[in-house]
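Just below is one structure, and these are the notes that go with it.
Values in this document were obtained by computation on a predicted structure and should not be read as measured data.
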Amino acid sequence: MLNIAICDDRPIQRKLLNLLVHEYEEQNGVRFNLYEFESGEEIIEKFDENKKFFDLFFLDNFMKKLTGLHTALRIREENTSCHIVFVTASDKQLQLAFMAASPLEILFKPLQQEDINKIFR
């Protein structure tokens, strides 16, 4: 079973992503373990407990202190096999900067079910 981290400083965005993932689970008869975090600092604290625990990270970029990009780069220092997906309202010009973290995908808000389906295919 995949362990998935959702990190966004806005509760409504975490809830939306959670709902979209649950919809995918129902449609495809699969189950995931979902963990929600409201900051890059919080997710890094959990990551430091077990660097191989999470298989997939959904990261917002603009958060209060540590950005999603900085969080992803910190994760990449210790784990190159996990998947990182940026979920952002940032303009597309930041895509090049995101590439430094070797993301699986960059998704733009507002998310749609098809975005999530594409990730899990």
Side-chain angles (χ1 to χ4, degrees):
M1 187 172 306
L2 289 179
N3 292 316
I4 299 173
I6 297 171
C7 187
D8 196 306
D9 59 340
R10 296 162 78 203
I12 191 77
Q13 293 297 330
R14 292 193 309 269
K15 176 111 176 123
L16 173 60
L17 185 48
N18 202 312
L19 288 171
L20 293 172
V21 171
H22 284 308
E23 180 65 24
Y24 179 88
E25 289 176 316
E26 281 187 32
Q27 290 174 354
N28 294 279
V30 296
R31 298 290 307 157
F32 304 124
N33 294 318
L34 298 177
Y35 301 84
E36 292 186 22
F37 302 92
E38 62 182 40
S39 71
E41 295 83 6
E42 190 179 301
I43 201 169
I44 290 299
E45 184 177 318
K46 181 68 174 173
F47 173 76
D48 283 342
E49 292 174 13
N50 180 349
K51 295 178 177 27
K52 298 292 183 183
F53 182 76
F54 290 110
D55 303 293
L56 175 61
F57 294 86
F58 285 100
L59 301 174
D60 179 34
N61 189 46
F62 291 119
M63 295 184 282
K64 291 180 179 88
K65 292 183 183 176
L66 196 61
T67 68
L69 178 57
H70 287 105
T71 301
L73 292 173
R74 170 69 175 76
I75 290 166
R76 278 287 177 245
E77 288 174 6
E78 311 253 357
N79 184 334
T80 57
S81 63
C82 66
H83 297 289
I84 295 172
V85 175
F86 289 105
V87 181
T88 184
S90 302
D91 63 35
K92 296 188 180 201
Q93 292 179 342
L94 278 177
Q95 282 184 327
L96 187 58
F98 291 145
M99 290 303 148
S102 302
L104 175 65
E105 189 69 59
I106 301 167
L107 301 177
F108 294 94
K109 296 177 183 176
L111 287 179
Q112 303 294 319
Q113 187 63 53
E114 184 54 39
D115 296 325
I116 299 307
N117 294 351
K118 184 171 84 171
I119 295 301
F120 291 118
R121 277 192 213 121

Worksheet item: When clusters are formed by joining ILVMFWY residues with side-chain heavy atoms under 4.5 Å apart, either directly or through shared neighbours, do Ile12 and Leu19 land in the same one?
Response: no
Worksheet item: For Ala100, what residues pass the side-chain contact (heavy atoms from CB on, under 4.5 Å) criterion, not counting sequence neighbours?
Response: Leu73
Worksheet item: Other than Met63, what residues sit in its cluster of Ile, Leu, Val, Met, Phe, Trp and Tyr side chains whose heavy atoms are under 4.5 Å apart, directly or through others?
Response: none
Practice prompt. Compare all side-chain heavy atoms of Ile44 with those of Ile75 and state whether any distance is below 4.5 angstrom.
Written response: yes
Practice prompt. Identify, with sequence neighbours excluded, every residue that meets side-chain contact (heavy atoms from CB on, under 4.5 Å) alongside Phe53.
Written response: Asn3, Tyr35, Asn50
Worksheet item: So how far is it from His83 NE2 to Ser102 OG, rounded to the nearest 0.5 Å?
Response: 11.5 Å
Practice prompt. Would you give the length of the straight line joining atom NZ of Lys51 to atom CD of Glu77, rounded to the nearest 0.5 angstrom?
Written response: 10.0 Å
Practice prompt. List, by chain and number, the other hydrophobic cluster members for Leu104, where Ile, Leu, Val, Met, Phe, Trp and Tyr join if side-chain heavy atoms come within less than 4.5 Å, directly or indirectly.
Written response: Leu2, Ile4, Ile6, Leu16, Leu17, Leu20, Val21, Tyr24, Val30, Phe32, Leu34, Leu56, Phe58, Val85, Val87, Leu107, Leu111, Ile116, Ile119, Phe120
Discussion item. Contact between Phe98 and Asn61 at the side-chain level, heavy atoms closer than 4.5 Å - yes or no?
Written reply: yes
Worksheet entry | Side-chain donor or acceptor of Glu38 paired with backbone N/O of Pro11 under 3.5 Å | no
Worksheet, complete the sentence: Taking every heavy atom of Leu69 against every heavy atom of Ala97, the minimum-distance pair comes out as CD1-O, 3.6 Å
Discussion item. The criterion is salt bridge (Lys or Arg N to Asp or Glu O under 4.0 Å); which residues satisfy it with Glu114, sequence neighbours excluded?
Written reply: Arg121
Discussion item. So Ser39 and Lys65, do their side chains get closer than 4.5 Å, heavy atoms only?
Written reply: no
Worksheet item: Taking C-beta and beyond as the side chain, do Lys46 and Phe54 meet within less than 4.5 Å on heavy atoms?
Response: yes
Worksheet, complete the sentence: salt bridge (Lys or Arg N to Asp or Glu O under 4.0 Å) filter on Arg31, not counting sequence neighbours, yields Glu25
Discussion item. Is there a side-chain contact between Cys82 and Lys52 in this structure, where contact means two heavy atoms from C-beta onward sitting under 4.5 Å apart?
Written reply: no
Worksheet item: Of all heavy-atom pairs between Gly68 and Leu59, which one has the smallest distance, and what is that distance?
Response: O-CD1, 3.7 Å
Practice prompt. Just jot down the side-chain hydrogen bond (donor to acceptor under 3.5 Å, both in side chains) partners of Asn28, sequence neighbours excluded, or say none.
Written response: none
Fill in: Partners passing side-chain hydrogen bond (donor to acceptor under 3.5 Å, both in side chains) against Gln113 (at least two apart in sequence or in another chain)
Asn117
Worksheet item: Between the main-chain N or O of Gln112 and the side-chain N or O of Asp115, is there a donor-acceptor pair closer than 3.5 Å?
Response: yes
Practice prompt. Taking salt bridge (Lys or Arg N to Asp or Glu O under 4.0 Å) as the test, write out the residues that go with Glu26, two or more places apart.
Written response: none
Fill in: Point-to-point distance, once rounded to the nearest 0.5 Å, from SG of Cys7 to CD of Gln13
12.5 Å
Worksheet item: Applying the 4.5 Å side-chain criterion to the ILVMFWY set and letting contacts propagate, would Phe62 and Phe57 be lumped into a single cluster?
Response: yes
Discussion item. Just to verify, what does Lys109 make a salt bridge (Lys or Arg N to Asp or Glu O under 4.0 Å) with, not counting sequence neighbours?
Written reply: Asp8, Asp60
Practice prompt. With rounding to the nearest 0.5 Å, note down the distance linking CD in Gln95 to OG1 in Thr88.
Written response: 10.0 Å
Fill in: Heavy-atom neighbours of Lys15 NZ exceed 12 at 6.0 Å
no
Worksheet entry | Partner set under side-chain hydrogen bond (donor to acceptor under 3.5 Å, both in side chains) for Glu105, not counting sequence neighbours | none
Discussion item. Please report the interatomic distance CD(Glu36) to CD(Glu42), rounded to the nearest 0.5 Å.
Written reply: 10.0 Å
Fill in: Residue list, side-chain hydrogen bond (donor to acceptor under 3.5 Å, both in side chains) with Thr80, at least two apart or on another chain
none
Worksheet entry | Closest approach of Asn79 to Arg76 (non-hydrogen atoms, all atoms of both residues) | O-NH1, 3.1 Å
